[in-house]
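Written below as structure tokens is the structure these notes are about.
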2 protein chains.
Amino acid sequence: MKGKIFIIEDEASIIQLVQLNLEKEGFIVASSLNGNEGLKELKKFGPNLLLLDWMLPDLSGIDVCKNIRKDKNFKNLPIIMLTAKGEEEDKIKGLESGVDDYITKPFSFNELHARIKAVLRRSDPNIVANDLTFEDLKLDRIEKRVFRADKEIQLGPTEFRLLEFFLTNPKRVYSRNQILETVWPNNVNVESRTIDVHIRRLRQSINIKDKKELIRTVRSSGYSLV
Amino acid sequence: MKGKIFIIEDEASIIQLVQLNLEKEGFIVASSLNGNEGLKELKKFGPNLLLLDWMLPDLSGIDVCKNIRKDKNFKNLPIIMLTAKGEEEDKIKGLESGVDDYITKPFSFNELHARIKAVLRRSDPNIVANDLTFEDLKLDRIEKRVFRADKEIQLGPTEFRLLEFFLTNPKRVYSRNQILETVWPNNVNVESRTIDVHIRRLRQSINIKDKKELIRTVRSSGYSLV
DNA sequence: TTCTTTTGTTACAGAAATATTACAATTTAA
DNA sequence: TTAAATTGTAATATTTCTGTAACAAAAGAA
């Protein structure tokens with residue numbers, strides 16, 4: 001778990017895309033398609049961050065924003081505004097009205113994710129951990145280093161992402177498809193057997209003799225970190 | 001296995017989309033394009049939940065719904081209604097007629113999935129639960145592990161699915177055919193005696209000496225977990 | 001009892017899934 | 001530009017799982 005994110009956005013397709021990806025990242029996500037309902041649900045949900053569309057069918061994003069800032073319980077809720085291309089000039093107004101960051105549509109999920117992390121790091125550092133650890137394994141996302149039992153381990157980029165992925169949800173078993181979708185860049189086609197090879201490489205790197213195997217194979221299901 | 005879902009919906013594209021995604025989630029899905037046939041097939045299929053379109057070519061969704069509620073075997077079948085945008089006002093009527101939830105088209109699959117989970121959680125908690133337990137037996141669907149009296153047990157994929165199946169409905173006796181249909185992938189032809197062999201394997205794995213047998217044979221009917 | 005039906009048990013061959021290796025193509029670093 | 005590192009894939013090896021058949025045992029029926 002990395003925290004709760006609420007989305008107010010009237011395009012269902014964007015919600016779907018963002019929600020899916022955020023959930024894959026371990027966030028808990030809820031959403032609403034319009035401003036008034038959104039405000040109500042948001043306050044019930046109690047998120048750590050809000051993604052707010054600029055143009056909504058009922059209220060404008062700014063109205064929503066102001067409403068939130070007036071509520072003492074949500075005065076400090078970080079907000080990232082989603083704006084369409086033509087709305088560049090409005091950005092400043094947005095920031096003045098208490099928005100923490102904005103992002104222009106269309107955006108890639110990676111862009112969005114980076115901003116979410118940045119904003120959360122400021123507001124709630126514990127939610128976005130720089131270091132992922134599991135037993136005697138440690139991964140530093142900032143310095144891109146990995147340690148096993150305090151000894152540094154060299155990993156290739158793909159093995160690094162693979163391990164990072166497992167570390168965000170240890171013990172959980174992931175199918176090859178889930179691994180592919182998350183660890184590999186979007187829309188890249190790789191054989192699902194390729195994962196086996198990378199698992200092997202990762203295993204070879206992180207295993208120390210006399211220590212137990214850290215990656216478990218679950219036949220017909222996938223792999224997990226144990 | 002996470003349960004069986006039946007869809008009655010006249011737009012083939014929606015069926016396709018939903019069915020594909022639900023199957024990816026592990027549900028067993030069947031569907032029909034109209035009300036009358038749908039009712040018949042549904043009762044043969046025996047789903048845990050029904051997705052029902054409001055507007056059908058022959059019967060209306062409400063008619064279907066009422067028919068189901070009259071049938072004592074399906075009185076409690078959870079129903080989620082799929083309504084188009086303009087039909088907002090009808091919603092209340094829908095709920096009165098015994099619908100458990102509704103969702104407005106167009107919807108994202110995530111929305112639908114969330115509602116399905118919510119409804120199933122109420123009506124049939126074992127279907128969506130991550131952990132299934134029965135007496136001193138525990139099965140963790142996320143980590144794909146099985147424990148008997150806190151001791152981990154190794155199971156092959158088929159034995160795992162078989163036990164999962166029994167755990168979603170303990171005590172109930174299942175025929176070999178029912179087991180086949182649910183535990184084995186669709187359209188696979190296996191001798192019904194094959195099940196006996198897997199039952200034997202499962203028994204061997206989960207039995208502990210001095211502890212009672214957990215799988216009961218019901219002669220000429222099938223097996224159950226007791 | 002004796003016969004019939006159903007289930008239990010075992011062994012085994014083929015199938016399926018995973019592990020491992022080598023290699024060519026590509027990218028990155030020097 | 002050359003060398004080194006990284007990647008994906010295919011081929012092969014190895015492990016594990018599956019289904020079936022054959023026979024044994026048990027339960028019912030007559």
Side-chain angles (χ1 to χ4, degrees), chain A residues 143-146 152-166 173-207 209 212-226, chain B residues 1 144-146 152-166 173-207 209 212-226:
Chain A
E143 298 184 16
K144 303 268 181 202
R145 288 156 174 267
V146 174
E152 179 155 13
I153 287 164
Q154 300 298 333
L155 295 181
T158 305
E159 278 71 57
F160 185 90
R161 292 199 309 274
L162 191 55
L163 181 59
E164 184 181 11
F165 172 67
F166 279 121
V173 176
Y174 290 100
S175 72
R176 291 189 173 67
N177 268 335
Q178 288 176 309
I179 295 174
L180 259 183
E181 282 170 18
T182 320
V183 174
W184 268 258
N186 267 348
N187 318 325
V188 171
N189 255 38
V190 257
E191 289 292 319
S192 110
R193 301 256 108 243
T194 299
I195 290 167
D196 300 30
V197 178
H198 282 282
I199 289 282
R200 150 121 174 113
R201 287 169 181 156
L202 180 55
R203 274 178 169 153
Q204 253 180 338
S205 304
I206 67 176
N207 278 358
K209 74 164 194 292
K212 73 163 190 208
E213 173 71 50
L214 280 176
I215 294 174
R216 163 171 169 245
T217 303
V218 181
R219 191 171 235 255
S220 86
S221 293
Y223 298 96
S224 71
L225 194 69
V226 289
Chain B
M1 208 281 290
K144 305 264 183 206
R145 290 176 188 277
V146 174
E152 178 157 13
I153 287 164
Q154 301 296 334
L155 295 181
T158 305
E159 279 70 59
F160 187 93
R161 292 198 309 275
L162 192 55
L163 181 58
E164 186 181 10
F165 172 67
F166 279 121
V173 177
Y174 290 100
S175 73
R176 290 187 174 67
N177 268 335
Q178 287 175 309
I179 295 175
L180 259 182
E181 279 170 20
T182 323
V183 174
W184 266 258
N186 267 349
N187 319 326
V188 172
N189 254 38
V190 262
E191 289 292 319
S192 108
R193 292 303 315 280
T194 298
I195 290 166
D196 299 31
V197 177
H198 281 284
I199 289 282
R200 147 103 175 134
R201 288 170 180 156
L202 181 55
R203 276 177 169 154
Q204 242 177 350
S205 303
I206 66 176
N207 278 357
K209 72 165 195 291
K212 73 164 188 205
E213 173 71 49
L214 279 177
I215 295 173
R216 177 168 70 116
T217 304
V218 181
R219 188 167 233 260
S220 82
S221 294
Y223 299 96
S224 75
L225 194 67
V226 289

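Hydrogens, waters and symmetry mates are skipped; everything else that's a heavy atom, side chains included, is used. This structure is a prediction, so every number in the text was calculated from the model and none was measured. Residue numbers begin at 1 in each chain, while the letters A, B, ... track the order of the sequences.
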Have a look at S220(A) and say if it touches a base, only the backbone sugar-phosphate, or nothing, with a 4.0 Å heavy-atom cut-off.
sugar-phosphate
Distances under 3.5 Å between protein N/O atoms and the N/O atoms of nucleotides 21-30 of chain C, please, pair by pair.
unit_1	atom_1	unit_2	atom_2	d
dT21(C)	OP2	R200(A)	NH2	2.4

Report the residues that fulfil side chain to side chain contact (heavy atoms under 4.5 Å, CB included) with Q178(A), sequence neighbours left out, ordered by chain and then residue number.
Y174(A), S175(A)
Taken to the nearest 0.5 Å, the spacing of L214(B) CG from I206(B) CD1 works out to 4.5 Å
Strand contacts (DNA chain D) in residues 152-160 of chain A, 4.0 angstrom heavy-atom criterion
G156(A), P157(A), T158(A), E159(A)
Please report the distance, rounded to the nearest Å, between CG in N177(A) and P in dA17(C).
14 Å
By salt bridge (charged side-chain N to carboxylate O under 4.0 Å, His left out), E181(A) pairs with (sequence neighbours left out) K24(A)
Set of salt bridge (charged side-chain N to carboxylate O under 4.0 Å, His left out) partners for R193(A), sequence neighbours left out:
D196(A)
If the condition is side chain to side chain contact (heavy atoms under 4.5 Å, CB included), which residues does P185(B) pass it with, not counting sequence neighbours?
R161(B), V188(B)
Donor-acceptor contacts under 3.5 Å from residues 217-226 of chain B side chains, at least two apart:
unit_1	atom_1	unit_2	atom_2	d
T217(B)	OG1	R203(B)	NH2	2.6
Y223(B)	OH	R176(B)	NH2	3.1

Apply salt bridge (charged side-chain N to carboxylate O under 4.0 Å, His left out) to E164(A) and list each qualifying residue two or more places apart in sequence or on a separate chain.
R141(A)
Residues which pass salt bridge (charged side-chain N to carboxylate O under 4.0 Å, His left out) with E152(A), listed by chain and number, not counting sequence neighbours
R145(A)
Nearest listed nucleotide, side chain of T217(A), among dG8(C), dG8(D), dA19(C):
dA19(C)
According to side-chain hydrogen bond (donor to acceptor under 3.5 Å, both in side chains), who are the partners of N207(A), at least two apart in sequence or on a separate chain?
E213(A)
Rounded to the Å, how far apart are E191(B) CD and dT7(C) P?
14 Å
Listing time: all N or O pairs from protein to nucleotides 1-5 of chain C that are below 3.5 Å?
unit_1	atom_1	unit_2	atom_2	d
dT5(C)	O2	R219(B)	NH2	3.4

